[in-house]
2 protein chains.
Amino acid sequence: MSNFGDLIRIAREEKGLFLRQVAAELEIDQAIISKFERNERKPTKEQVLKFAKFYKLDKEVLLVEWLSDKVVNDLQDESLADKVLKAAEQKIKFKRK
Amino acid sequence: MSNFGDLIRIAREEKGLFLRQVAAELEIDQAIISKFERNERKPTKEQVLKFAKFYKLDKEVLLVEWLSDKVVNDLQDESLADKVLKAAEQKIKFKRK
DNA sequence: ACTATATTTGACCAGTTTTGTCAAAACACA
DNA sequence: TGTGTTTTGACAAAACTGGTCAAATATAGT
């Protein structure tokens, strides 16, 4: 199962870049990027988009990864997760009308 | 489509109670309850449980309503909602193993 | 319109959480 | 050991939450 951190770590490694270099390019402290890569901290939406652009990753893929991490985080109480997701789906459907 | 606010407003009206009374009973400021009923503010989990108990509503129903409101709130970008919910589902499934 | 009561609104505060900065510690490896 | 990279943790700044209160607004009865 993928997650935001893995995606950006792999992308960085594939390009053979150091945290320092990415940090300079994106103007984000390298300590923070390190934490993003280990899923220790959640980036802002802006930052997600910066990573997508810089690593040339699909913006949507990265956003979905990031948002679903956030949703999972809301559902601490696993036991209700299924019901909650179903309910959320219904609400979204309803909103679209 | 229901939501947390509607549920507790209807419950209160069915019991013929004033905000003031509920506020006193639950020790929550009536201005806040008013905002909960209009979905202007999100209660804490504790508060959700207080309402369930006081109005004798099913705890789980109320929690699902509350959590799914939270999830929908995360998904500002409706266009990705379906993908995000599917991804979240996968992550939950994965976590369970 | 006036009164009385109920609800909503908005300004403000305090406490918590999140985000960013930095330097030291830990790690990798020649 | 020496050099360069990554991780960790302490700290501060900023943003967000949750609560309090009183004034404004709405509602109903007279």
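Source: prediction; values computed, not measured. Chain identifiers are assigned alphabetically (A, B, ...) following the order of the sequence lines, protein sequences preceding nucleic acid strands; residue numbering begins at 1 within each chain. Values reported hereafter were calculated over all heavy atoms of this structure, with side chains retained and with hydrogens, waters and symmetry mates removed.
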Chemist: Quick one: label A:E46 by what it contacts on the DNA or RNA (base, sugar-phosphate, nothing), any heavy atom closer than 4.0 Å.
Modeler: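 Answer is nothing: A:E46 stays at 4.0 Å or more from every strand.
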
Chemist: Are the side chains of B:V72 and B:L75 in touch, meaning some heavy atoms are under 4.5 Å apart?
Modeler: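 Answer no - side chains too far apart.
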
Chemist: Among all residues two or more places apart in sequence or in another chain, which pass the side chain to side chain contact (heavy atoms under 4.5 Å, CB included) test with B:K53?
Modeler: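 Result, side chain to side chain contact (heavy atoms under 4.5 Å, CB included) vs B:K53: none returned.
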
Chemist: Taking NZ in B:K86 as the centre, count heavy atoms belonging to other residues, nucleotides or ligands within less than 6.0 Å. Is the count above 12?
Modeler: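 It does not: B:K86 NZ has 12 such atoms or fewer within range.
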
Chemist: What pairs with A:D6 under side-chain hydrogen bond (donor to acceptor under 3.5 Å, both in side chains), at least two apart in sequence or on another chain?
Modeler: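 Per chain and number, A:D6 pairs via side-chain hydrogen bond (donor to acceptor under 3.5 Å, both in side chains) with A:N3.
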
Chemist: Residues two or more places apart in sequence or in another chain: which of them pass salt bridge (Lys or Arg N to Asp or Glu O under 4.0 Å) with B:R38?
Modeler: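 Scan of B:R38 (salt bridge (Lys or Arg N to Asp or Glu O under 4.0 Å), adjacent residues dropped) gives B:E40.
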
Chemist: Between atom CD in B:Q30 and atom P in C:dT8, what is the gap in whole Å?
Modeler: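 Computing the B:Q30:CD to C:dT8:P distance gives 9 Å.
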
Chemist: Produce the list of close N/O pairs, under 3.5 Å, pairing protein atoms with atoms of nucleotides 9-15 of chain C; give distances to one decimal.
Modeler:
{"residue": "C:dT9", "atom": "OP2", "partner": "B:R38", "partner atom": "NH1", "Å": "2.3"}
{"residue": "C:dG10", "atom": "N7", "partner": "B:K35", "partner atom": "NZ", "Å": "3.4"}
{"residue": "C:dG10", "atom": "O6", "partner": "B:K35", "partner atom": "NZ", "Å": "3.1"}

Chemist: Rounded to whole Å, please give me the gap between CG in A:N39 and C1' in C:dT18.
Modeler: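 These atoms are roughly 17 Å apart.
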
Chemist: So A:K70 and A:W66, do their side chains get closer than 4.5 Å, heavy atoms only?
Modeler: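 Side-chain contact under 4.5 Å: yes.
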
Chemist: Using a 4.0 Å heavy-atom cut-off across all strands, classify B:E37 as base, sugar-phosphate, or nothing.
Modeler: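 No contact.
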
Chemist: For A:I33, give me all partners under side chain to side chain contact (heavy atoms under 4.5 Å, CB included), at least two apart in sequence or on another chain.
Modeler: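 For A:I33, the residues satisfying side chain to side chain contact (heavy atoms under 4.5 Å, CB included) (neighbours in sequence not counted) are A:L19, A:V22, A:A23, A:I28, A:E37, A:F51.
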
Chemist: Looking at residues at least two apart in the chain, or sitting in another chain, which of them share a salt bridge (Lys or Arg N to Asp or Glu O under 4.0 Å) with A:K83?
Modeler: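 Partners of A:K83 by the salt bridge (Lys or Arg N to Asp or Glu O under 4.0 Å) criterion, ordered by chain and then number, come out as B:E60.
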
Chemist: Can you give the first and last nucleotides of DNA chain D, 5' to 3', that have an atom under 4.0 Å from a heavy atom of chain B?
Modeler: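 Answer, 5' to 3': D:dG18 to D:dC21.
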
Chemist: Would you give me the side-chain donor-acceptor pairs under 3.5 Å for residues 89-97 of chain A, sequence neighbours excluded?
Modeler:
{"residue": "A:K91", "atom": "NZ", "partner": "B:E65", "partner atom": "O", "Å": "3.2"}
{"residue": "A:K91", "atom": "NZ", "partner": "B:E65", "partner atom": "OE2", "Å": "2.7"}
{"residue": "A:K91", "atom": "NZ", "partner": "B:S68", "partner atom": "OG", "Å": "2.9"}
{"residue": "A:K91", "atom": "NZ", "partner": "B:D69", "partner atom": "OD1", "Å": "2.5"}
{"residue": "A:R96", "atom": "NH2", "partner": "B:E78", "partner atom": "O", "Å": "2.9"}

Chemist: Search all heavy atoms of A:P43 against all heavy atoms of A:F4 and return the closest pair with its distance.
Modeler: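 Reported closest heavy-atom pair: CG-CE2, 3.5 Å.
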
Chemist: In degrees, rounded to 10°, what is the bend between the two ends of the helix from C:dA1-D:dT30 to C:dA30-D:dT1, using five pairs at each?
Modeler: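 That helix has its two terminal axes inclined by roughly 40°.
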
Chemist: Could you identify which residues of residues 6-25 of chain A place a heavy atom less than 4.0 Å from some atom of DNA chain C, listed by residue number, or say none?
Modeler: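 Heavy-atom contacts with DNA chain C come from no residue of residues 6-25 of chain A; none.
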
Chemist: How about CD on B:E13, more than 12 heavy atoms from neighbouring residues, nucleotides or ligands closer than 6.0 Å, or not?
Modeler: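 More than 12 heavy atoms, drawn from other residues, nucleotides or ligands, come within 6.0 Å of this atom.
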
Chemist: Tell me: CG of B:D74 to P of C:dT18, nearest whole Å?
Modeler: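 From B:D74 CG to C:dT18 P: 12 Å.
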
Chemist: With sequence neighbours excluded, what pairs up with B:E25 under the side-chain hydrogen bond (donor to acceptor under 3.5 Å, both in side chains) test?
Modeler: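 None.
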
Chemist: Could you tell me which residues satisfy side-chain hydrogen bond (donor to acceptor under 3.5 Å, both in side chains) with B:K42, sequence neighbours excluded, listed by chain and number?
Modeler: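 Checked B:K42 against side-chain hydrogen bond (donor to acceptor under 3.5 Å, both in side chains); zero matches.
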
